[in-house]
Protein chains: 2
Amino acid sequence: MNNKTAARKSLPDHSRPPMAGTTIYAIVEATRTLLATQGYEALSMREVAAGAGITPPAIYRHFPNKDALIDFVVKDTLREFELHLLRAIAPLPVGSYERLLALGSAYIRVATEHEAQFKILFTRFRSRPRKLADFPGQWGYQVLRQCVVEAIDAGILREMDPDLASFFFWSRVHGIVMLLLACDFSETLPPEIGDLTAENLFAATRDLVVSGLKAGP
Amino acid sequence: MNNKTAARKSLPDHSRPPMAGTTIYAIVEATRTLLATQGYEALSMREVAAGAGITPPAIYRHFPNKDALIDFVVKDTLREFELHLLRAIAPLPVGSYERLLALGSAYIRVATEHEAQFKILFTRFRSRPRKLADFPGQWGYQVLRQCVVEAIDAGILREMDPDLASFFFWSRVHGIVMLLLACDFSETLPPEIGDLTAENLFAATRDLVVSGLKAGP
DNA sequence: AACTTATAGTTAACATCGTTAACACGCGGG
DNA sequence: CCCGCGTGTTAACGATGTTAACTATAAGTT
């Protein structure tokens with residue numbers, strides 16, 4: 001009967017993107033554009049409404065509040081993140097180290113291409129630390145874990161807990177991305193790396209990860 | 001003559017903390033408390049003023065705007081970060097790997113103890129990517145670099161560019177901290193790690209860093 | 001065909017926020 | 001004495017997120 005007690009307002013379906021041509025699509029698209037151009041802090045409901053060709057209160061027919069709108073846009077933008085990962089590793093042999101590298105590159109690519117959404121997802125969390133399962137598509141964690149398991153089985157990686165190893169890989173690329181988003185290393189790091197993109201720094205340090213930091217025998 | 005053209009309003013001295021008992025001290029202290037208890041998003045000038053026992057416009061006698069106030073508090077809080085690092089490594093032998101571990105632990109400790117300031121410093125940057133030199137005390141980068149150089153010289157770490165290695169170490173702890181601040185891994189990572197603190201995860205993965213990920217010979 | 005109802009939009013307004021303008025008090029030096 | 005300066009006040013402005021109240025349109029239902 002009243003199994004819709006929780007929501008008086010009709011929420012958008014979080015399981016798939018809104019159809020083009022609808023107002024809700026215009027709202028989401030306007031939000032996305034504003035996030036990419038002005039960033040999070042400058043995003044206002046009035047500007048979103050103007051971009052969508054409606055008045056501000058009309059937004060509240062589709063989203064309960066600003067947070068929910070942004071949350072939806074972030075999740076919608078990163079919805080296909082998992083697919084990106086799968087596409088990145090598809091042409092590479094199962095269990096190979098190249099697959100893990102490709103995952104790192106794909107992560108970095110998504111993070112830099114959707115910088116605003118990425119920062120929101122990882123810093124503007126209302127519900128403080130969220131469960132990994134709450135992240136859209138678990139943020140491809142299962143894909144990463146699978147590749148780690150396969151690499152261990154293939155003898156490419158040494159024996160270790162796959163979850164701990166996955167966390168290790170994840171935190172590594174995450175740290176590179178977050179550090180570069182926050183700080184300019186152009187006068188610090190050696191020029192032979194080339195452009196100080198996250199991608200380049202990921203590549204420049206991968207040998208360290210594989211072989212370890214200890215001095216040779 | 002008019003060498004103070006840029007600033008009509010008197011700015012606080014950024015080079016040392018305000019004296020106790022002064023209004024400026026009360027403002028800073030109120031801001032610090034609110035940041036720690038409510039977080040950045042909930043921080044309002046009116047609450048700061050109330051906490052400092054003055055009216056909101058009075059704040060503007062000491063800080064040009066909200067951003068400057070927060071910026072000052074962040075820098076003031078993390079002013080002694082470099083000293084923390086130095087104290088952490090002091091009892092440990094020069095060139096030892098323990099020194100590098102102690103640096104990582106100190107970084108993690110400061111980040112988790114001053115979560116709000118840490119997040120502001122690394123995500124709420126107005127002047128987008130800032131130069132590393134602009135960070136308070138360069139954020140101890142020189143300390144880290146020095147330890148890396150010494151460890152390489154001591155034969156503890158293999159030969160590599162010290163700046164690249166420093167970045168590698170930094171991004172590693174940074175990634176762990178940022179990931180844990182954003183996401184709850186309690187149902188993901190193996191329970192034998194213990195509490196899922198950044199400190200524990202740093203310790204649990206340090207062998208991987210030293211020995212490398214590749215399978216043994 | 002007429003009446004109801006839900007949906008999706010509008011205008012007007014409110015509370016709160018950062019910030020400024022205008023003014024007031026106290027204190028040290030000519 | 002008064003002048004200026006530092007530091008506080010009150011009142012107010014513009015922008016923001018959000019709600020209330022109203023309206024128009026399309027879809028059923030009798």
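All chains are named by letter (A, B, ...) in the order of the sequence lines, taking the proteins before the strands, and each is independently numbered beginning at 1.
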Rounded interatomic separation in angstrom, taking CG from Leu69(A) and P from dT16(D): 15 Å
Between CH2 on residue Trp139(A) and CG on residue Leu132(A), distance to nearest 0.5 Å: 11.0 Å
Geometric class of the His174(A)/Trp170(A) ring pair [parallel <30°, tilted 30-60°, perpendicular >60°]: perpendicular
Within the sub-3.5 Å range, which N or O atoms of nucleotides 12-18 of chain C have a protein N or O partner, and how far apart are they?
unit_1: dG18(C); atom_1: OP1; unit_2: Leu43(B); atom_2: O; d: 3.4
unit_1: dG18(C); atom_1: OP1; unit_2: Met45(B); atom_2: N; d: 3.3
unit_1: dG18(C); atom_1: OP1; unit_2: Lys66(B); atom_2: NZ; d: 2.7
unit_1: dG18(C); atom_1: OP2; unit_2: Met45(B); atom_2: N; d: 2.8
unit_1: dG18(C); atom_1: N7; unit_2: Arg46(B); atom_2: NH1; d: 2.7
unit_1: dG18(C); atom_1: O6; unit_2: Arg46(B); atom_2: NH2; d: 3.1

Length of the line joining Glu41(A):CD and dT16(D):C1', which is rounded to integer Å: 14 Å
Side-chain N,O (Thr23(B)) to OP1/OP2 (dG8(D)) below 4.0 Å: yes
Length of the OH-P vector between Tyr25(B) and dT7(D), whole Å: 19 Å
Expected output: side-chain Lys66(B) to main-chain Leu43(B) donor-acceptor under 3.5 Å: yes
Spacing between Phe63(A) atom CZ and dT19(D) atom C1', to the nearest angstrom: 19 Å
Minimum side-chain heavy-atom gap Leu181(B)-Phe122(A) below 4.5 Å: no
Value in whole Å for how far the C1' atom of dT11(C) lies from CD1 of Ile54(A): 14 Å
Close side-chain approach of Tyr107(A) and Leu144(A), heavy atoms under 4.5 Å: no
Between C1' of dG8(D) and CD1 of Ile24(B), the distance in whole Å: 15 Å
Nearest-angstrom distance from the residue atom CD1 of Ile59(B) to P of dT20(C): 13 Å
Between dT10(C) (C1') and Arg61(A) (CZ): distance, integer Å: 10 Å
Heavy-atom check, side chain of Thr197(A) versus side chain of Thr112(A), under 4.5 Å: no
Side-chain N,O (His62(B)) to OP1/OP2 (dG6(D)) below 4.0 Å: no
Side-chain donor-acceptor pair present, Thr188(A), Arg145(B), cut-off under 3.5 Å: no
Contact under 4.0 Å: Thr55(B) side-chain N or O vs dT9(D) OP1/OP2: yes
